[in-house]
Amino acid sequence: MKRINIIILVAIAIGIGVLISMSADFSTYDTINSAKEKQGKFVHLIARIDKTIPLNYDPAHNPNYLSFFAVDSLGGRTKVVYHNSKPAELEQSDRIVLKGKMQGDVFECSDILLKCPSKYKDDKKQLEKSVTSSKS
């Protein structure tokens, strides 16, 4: 074989190896029950905050501890512990995406993404008003 062919084959093998090793980090959205079955594995959950139980956040005592209960669309429920400051407007958020791992019955969250569709609806109404007023 020519030297260039060997170099190309080695590069392809290395590329495949990198893709396989990175695929372990990719995650799909899981339900709370499926996350409980994947103890210790990194998952993404889409859920809502259970507003019947108050959030546990005391910035004077520990500003890097937040806990609350989350409910997914199938009715699964779990306690969520987040070791960081509370995201602004967490209580007003319609849905949240939680990134982290299940540890027993508790979801140890490393990141929280807020989803608030009402925020975008208000922007759309404001945009419609500005467009109609500019046509007049």
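For reference, positions follow the sequence shown, starting with 1. Please read these numbers as outputs of a predicted model, since none were measured by experiment. Excluded from the calculations below are hydrogen atoms, water molecules and symmetry mates; all remaining heavy atoms, backbone and side chain alike, are included.
- For the atom pair Lys41 NZ and Ser34 OG, the distance stands at 11.5 Å (nearest 0.5 Å).
- Annotation: the span from Lys101 atom NZ to Gln39 atom CD amounts to 11.5 Å, rounded to 0.5 Å.
- Side chains of Ile49 and Leu90 form a contact here, defined as non-hydrogen atoms less than 4.5 Å apart.
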Worked verdict on Glu37 versus Asp30 for side chain to side chain contact (heavy atoms under 4.5 Å, CB included): CA-CA 10 Å; Glu37 294 171 3; Asp30 286 292; over 6 Å; no
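- The heavy-atom pair separating Tyr82 from Cys109 by the smallest distance is CD1-O, 3.5 Å.
- Taking 4.5 Å as the limit, some side-chain heavy atom of Lys99 sits within range of a side-chain heavy atom of Leu113.
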Begin from the C-alpha positions of Phe107 and Ile32 and carry the test side chain to side chain contact (heavy atoms under 4.5 Å, CB included) through to its verdict. CA-CA 9 Å; Phe107 187 78; Ile32 290 173; over 6 Å; no
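- Placement of Ile14 and Ile6 within a single hydrophobic cluster is found when ILVMFWY residues are connected by side-chain heavy-atom separations under 4.5 Å, directly or transitively.
- Connection of Met102 to Phe68 is established within a shared hydrophobic cluster, with ILVMFWY side chains joined at heavy-atom distances below 4.5 Å, either directly or through further cluster members.
- Summarising the geometry of Thr78 relative to Asp105, their closest heavy-atom pair is OG1-O, 2.9 Å, with the distance given to 0.1 Å.
- A distance of 7.5 Å separates CG in Asp111 from CZ in Phe42, rounded to the nearest 0.5 Å.
- Residues Leu66 and Pro87 are in side-chain contact: their nearest non-hydrogen atoms beyond the backbone lie under 4.5 Å apart.
- Using a 4.5 Å cut-off on side-chain heavy atoms (C-beta onward), Val81 and Gln103 make no contact.
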Under 3.5 Å, side-chain donor or acceptor atoms of residues 51-65 against the rest of the protein: list the pairs with distances, not counting sequence neighbours.
| from | atom 1 | to | atom 2 | distance (Å) |
| --- | --- | --- | --- | --- |
| Lys51 | NZ | Glu91 | O | 2.9 |
| Thr52 | OG1 | Asp50 | OD1 | 2.6 |
| Thr52 | OG1 | Asp50 | OD2 | 3.4 |
| Tyr57 | OH | Pro63 | O | 3.4 |
| Asp58 | OD1 | Ala60 | N | 3.4 |
| Asn62 | OD1 | Asn64 | N | 3.1 |

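- Closest non-hydrogen pair, Leu45 versus Thr31, comes out as CD2-O, 3.5 Å.
- The two residues Ile96 and Ser93 make their nearest non-hydrogen contact at CG2-OG, 3.8 Å.
- Linking Ile, Leu, Val, Met, Phe, Trp and Tyr whenever their side-chain heavy atoms come within less than 4.5 Å leaves Leu74 and Leu98 in two separate clusters.
- Taken from OG in Ser67 to NZ in Lys86, the straight-line distance is 12.0 Å, to the nearest 0.5 Å.
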